[in-house]
Amino acid sequence: MKLYEFNPFPNPRRVRMFLAEKGINNVEFVQVDVPSGEHRTEEFVKKNPSEVVPVLELDDGTYISESFAISRYFEDAFPEPSLMGSTPKESAVIDMWQRRVEQSLMGCVGTYFHHATEGLGAIELYQNKDWGEKNREMARSGLEQLNKQLTTNKYVAGDKYSIADITALCSIDFALFIKIEKLEDYPNIKRWYEDVSTRPSASA
Ligand SMILES: N[C@@H](CCC(=O)N[C@@H](CS)C(=O)NCC(=O)O)C(=O)O
């Protein structure tokens, strides 16, 4: 199996963290130079017409993109430790939070990055600063919602560490990296962040 990725970027990190939490170490990492536009070459587009990393290539030549779908593959292939829930209720609550953080944090912070900062520089195709700033506000609402959730929950989706924590950590580290937020404004997130950042998977 091969994972086409670009190490510094947040969505590939979601998959690397997922693999680290599962203890899966037979995946070859192949770097795709996103800032140089390698993800838009004819060769890469055959792997993923959406022109984004990460992409998983299975040994039979199947390509799977979308961080969540790649994680789903590994969850089903290697069920332990479970990161997507073990009962219908647990899975649904985890999916709910994973989707919330994916949309309101990863999505909005990413849109702010592409539209209101230099983003990918020369290879950025279209920028709209107002839309970027609007997404910054939306990311703030997402952080407020998460801060509230973490008042009474140890982890994002309840009392067990899950894929929702992985997506949230990668999104928040991205937001901190591009300096749009400070954890001091969200004390419950800060407590959670200090905990989950110490897991070995955080440095994957
Ligand atoms: N929904 C996709 C998003 C993937 C994504 O946006 N990847 C970024 C890197 S973090 C990318 O390849 N961006 C290239 C571009 O915007 O041109 C997923 O969950 O994997």
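Remember, it's 1-based here, ligands and their atoms both numbered in the order they're listed.
- More than 12 heavy atoms of other residues, nucleotides or ligands shown are found within 6.0 angstrom of CD on Glu184.
- The environment of CZ in Arg40 is crowded: more than 12 heavy-atom neighbours from other residues, nucleotides or ligands sit within 6.0 Å.
- Within the structure, the closest approach of Gly119 to ligand 1 does not fall below 4.0 Å when heavy atoms are considered.
- At least one N or O atom of His39, backbone or side chain, sits closer than 3.5 Å to an N or O atom of ligand 1.
- Close approach of ligand 1 to Arg14 is summarised as follows: ligand atoms under 4.0 Å from at least one heavy atom of the residue are 19 (O).
- Counting atoms of ligand 1 from 1 in the listed order, those under 4.0 Å from a heavy atom of Phe9 are 9 (C), 10 (S).
- Aromatic ring centres of Phe174 and Phe113 lie closer together than 6.0 Å.
- With values rounded to the nearest 0.5 angstrom, Lys2 atom NZ is found 8.0 Å from Lys47 atom NZ.
- Inter-residue side-chain proximity for Phe6 and His39 is flagged as unmet; no heavy-atom pair is nearer than 4.5 Å.
- The single protein non-hydrogen atom nearest to atom 16 (O) of ligand 1 is His114 CE1, 3.4 Å, given as residue, atom name and distance.
- Here the heavy atom of the protein found nearest to atom 2 (C) of ligand 1 is Glu66 OE1, 3.3 Å.
- The closest approach between Arg40 and ligand 1 falls below 4.0 Å for a heavy atom of the residue.
- Here the heavy atom of the protein found nearest to atom 3 (C) of ligand 1 is Asn11 ND2, 3.7 Å.
- When hydrogens are left out, the protein atom nearest atom 20 (O) of ligand 1 is Ser67 OG, 2.8 Å; that is the closest non-hydrogen contact.
- Rounding to the nearest 0.5 Å gives a distance of 9.0 Å between CE of Met84 and OG of Ser162.
- Residue Leu120 has at least one heavy-atom neighbour below 4.0 Å for each of these atoms of ligand 1: 15 (C), 16 (O), 17 (O).
- Those atoms of ligand 1 with a heavy atom of Pro12 less than 4.0 angstrom away are 10 (S).
- Contact of the Leu58 side chain with the Ile64 side chain is registered, since non-hydrogen atoms from C-beta on lie closer than 4.5 Å.
- Here is the list of ligand 1 atoms found below 4.0 Å of a heavy atom in Pro54: 20 (O).
- Atom CZ in Arg16 sits 10.5 Å away from atom OG in Ser67 (nearest 0.5 Å).
- When hydrogens are left out, the protein atom nearest atom 7 (N) of ligand 1 is Val53 O, 2.8 Å; that is the closest non-hydrogen contact.
- For Tyr63, the OH atom is densely surrounded, since the number of other residues' heavy atoms within 6.0 Å is greater than 12.
- The protein heavy atom nearest to atom 13 (N) of ligand 1 is Val52 CG1, 3.8 Å.
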